[in-house]
Structures are given as structure tokens and as C-alpha cells.
Number of protein chains: 2
Amino acid sequence: MNTQRILEDTLRTARQSMTTPRQAVFDALQHHRSLTMRELVMACAHINRATIYRNVELFEQLGIVTRIPNGWKYRLELGEKFLDHHHHATCHNCGASIALPEDPSLELHLNELASRKNFKLESHQVELLGLCYACQT
Amino acid sequence: MNTQRILEDTLRTARQSMTTPRQAVFDALQHHRSLTMRELVMACAHINRATIYRNVELFEQLGIVTRIPNGWKYRLELGEKFLDHHHHATCHNCGASIALPEDPSLELHLNELASRKNFKLESHQVELLGLCYACQT
DNA sequence: ACAAAATTGCGACATATTTGCAAAAATAAT
DNA sequence: ATTATTTTTGCAAATATGTCGCAATTTTGT
């Protein structure tokens, strides 16, 4: 099933309208792997900033978009409906955000950690911080 | 060794002065387990906001303070000089930040994940998101 | 107690995010 | 296809968060 279809279905199911700004936000994220809020606003020229913020929040609730930690800020990425679950490493020299391969055993591990505290796990974030290969010279 | 002593030694070793604002920031964090920046500013009444920001940054570099992820924001906590390394779960109903027990095998796991990508790991953040026990009713 | 060095407070600025509300667009009904 | 209803947008202003230069104050080393 193509991504456009998933987007439309997700919105319809949640009884939300499909609008030009929403399409623009989605397109920008689809074309750029990940963006900061600022970059997203620039990528969606002509669309009001407040509208973008509101739609990012909506998309996050619907699982269309995920905020990934990046230092003490965050970046935006399409959610698991579109991209496989994964984590990121942030290079604190060049700032790059590197996608890490899926690791099922890590997921199991976190599930177990949560259940030991009677915590009902719904999602999680892992961020590795250090130096990417290129910056290790 | 008591915490006050560790604080003073850490500052002295780094050739930084011990001042009233720095003591206040440290005390606030020691008494409240974790605080948002806003809460810290309120807890340190009479101390200038810019000074608090500057000292938090200094403390972070010296390992006195750590920023822990809390949704897409962060909270401040004393660092590993004072508290054992641990992660947190955030309840997205009541907002509570729950400290999780140390888990050495999780640490190993993350080290391995990093080395598979030739990434030089210096630190990491793990945040579980979901419902705390009290909010699961 | 003194001089040198480090730190603070202030006020202004920059950036990020949120809000109320009237206008515009999308959806549902006819 | 047009109209009525509901949702969403744009705007402008408010709030929040973080940063900066610099003179005044505090701390440190002698």
C-alpha cells in the first residue's frame, strides 16, 4: 500500500480532514527523511507556522509523525506506519543524526525493564551520543 | 564522601569558583530529585535566570548535572557523581518521570549496537513512554 | 586587606511555541 | 451541484525559552 493511501486512510479513520497544509507537511517529511521544526516550516513555504505546529501535533497523535531526540532538541520523522522502528545516534561534533538498524532483542529488553516496574509501555526513545565514524579522526 | 564535598572538589578541580548561585542550583536539585528548567528557576528565587542557565551548562560539562529526556523537553537531575546511572519512564497521563533500576545488560547491549555502526559511544539516553501503574486503571 | 580573575545581574534580544478568533476550506446533506 | 455544517487556517499577539554584552560585584590567591 502506498504512503499516500496510508496517510489518507489514517486521517479519514480519525475523522480529520485532508487539507493542503497537511499534505505539504507530509510531503516535506517524506522527501527529507528528518527535519527540525524550523526546517519543516521553511520547507512548507506559504503555510502558516501555527498551522504547521498544530498539524505536527495531530500527526504525532495519529502516529504519522515521530519526534526523535537530537541533543536537547528534537527532529521530526515519519512514524512507524511509514518507516520501520529504529533508533538514532547523534554525533556531537558534526550534529549528524544517524539511523541505527532495528534490534529486536533491544526491544525485548526494554519491554522487560518496563514490566518490572509495572509500567505499561507504549513507546520508547533511545539516543546514542558520541562521535560518528567520520569525526573520530 | 558527602555530596557537598564532591561538589566543592569538582568545582575546585575545574578551577571554577564556588558561589551562592551555584550552591542554590545544586541544593534545589538535591532536594527535588528532578526539575524542569522553569521549576529550577522558581526554586532558586532571587537568582537571575541567565545565571542559572549558565550554571546548568557548566554543571552539565562537569558531570554535576544531567539532562534527562521528558517527552520532547527535558528535566534536570544530579549527575552520576551523585546518583547511579539509570533511565526513566515518563507517564504521558500524569507526566510523572519514574526512575528505572540500573540494568548492566542493557548498557552492554547499547555498546554493542554502537560498535556495529563504528560509532564512538560517549553517553546515551533511554526513555520509556506509557502509563505508570497508578494511571493504568 | 588587596589586586586580579571569575561570576553575576540586568536589560535587551532572539527564537520557539501557543492561543483566540474571524475568514476560508473541507465535508456532509440535500 | 449547491447549501449548510463542521473543521481548519491565517493572523496577530501573548507566552516561553534561551542567549548576549557589559558594568558591578564576588571570589580567589597572595
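First the proteins, then the strands, lettered A, B, ... as listed; each starts at 1. Quick note: numbers below take in every heavy atom, side chains included, and nothing from hydrogens, waters or symmetry partners.
Comparing D:dC11, D:dG18, C:dA6 by their nearest atom to the side chain of B:Y74 picks out D:dG18. Side-chain proximity of A:M37 to the nucleotides C:dC10, C:dT17, C:dT8 is greatest for C:dT17. Proximity note for B:T20 (side chain, C-beta onward) versus C:dA26, D:dT9, D:dT27: the nearest is D:dT27.
Residue B:L76 contributes atom CG, which lies 13 Å from atom C1' of D:dG18 at whole-angstrom precision. Per the geometry, CZ belonging to A:R49 stands 9 Å off C1' belonging to C:dT15, to the nearest Å. Spacing between atom CZ of A:R15 and atom P of D:dT8 amounts to 12 Å, rounded to whole angstrom units. The distance from atom CG of B:L58 to atom P of C:dA6 is 13 Å, rounded to the nearest whole Å. Between the CZ atom of B:R54 and the P atom of D:dT17 there is a distance of 19 Å, given to the nearest Å. The CD1 atom of B:I52 sits 12 Å away from the P atom of C:dC10 (whole-angstrom rounding). When the P atom of C:dT15 is taken as reference, atom CE of A:M42 falls 12 Å away, rounded to whole Å. Taking atom CZ of residue B:R22 and atom C1' of nucleotide D:dT26, one finds them 11 Å apart after rounding to whole Å.
Classification of A:R67 and A:E77 as a salt-bridged pair fails, no side-chain N sitting under 4.0 Å from a carboxylate O. Ion pairing between a basic and an acidic side chain is recognised when a charged N comes within 4.0 Å of a carboxylate O; B:K81 and B:D9 show no such pairing.
What you find for A:G71 and A:E127 is that their closest heavy atoms are N-OE2, 3.0 Å.
Closest-nucleotide positions on DNA chain D for B:E57 and B:M18 were compared, and the one nearer the 5' end corresponds to B:E57. Nucleotides of DNA chain D nearest to B:N48 and B:T19 differ in position, and the one nearer the 5' end is that of B:N48.
Taking side-chain N and O atoms only, B:R38 has a distance below 4.0 Å to OP1 or OP2 of D:dA16. Phosphate proximity of C:dT7 to B:S17: present, with a side-chain N or O under 4.0 Å from OP1 or OP2. The phosphate of D:dG18 (OP1 or OP2) has a side-chain N or O of B:Y53 nearer than 4.0 angstrom. Note on B:Q16: a side-chain N or O is less than 4.0 Å away from OP1 or OP2 of C:dT7. Between D:dT9 and A:N55, a contact under 4.0 Å exists linking OP1 or OP2 to a side-chain N or O. For A:T51 and D:dG10, the shortest distance from a side-chain N or O to OP1 or OP2 is below 4.0 Å.
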*List the steps and the verdict of ring pair (Phe, Tyr, Trp, His ring centres under 6.0 Å) for B:H109 and B:H124.*
CA-CA 12 Å; B:H109 207 130; B:H124 62 263; over 10 Å; no
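At least one donor-acceptor pair under 3.5 Å links the side chain of A:Q136 to the backbone N or O of A:L131.
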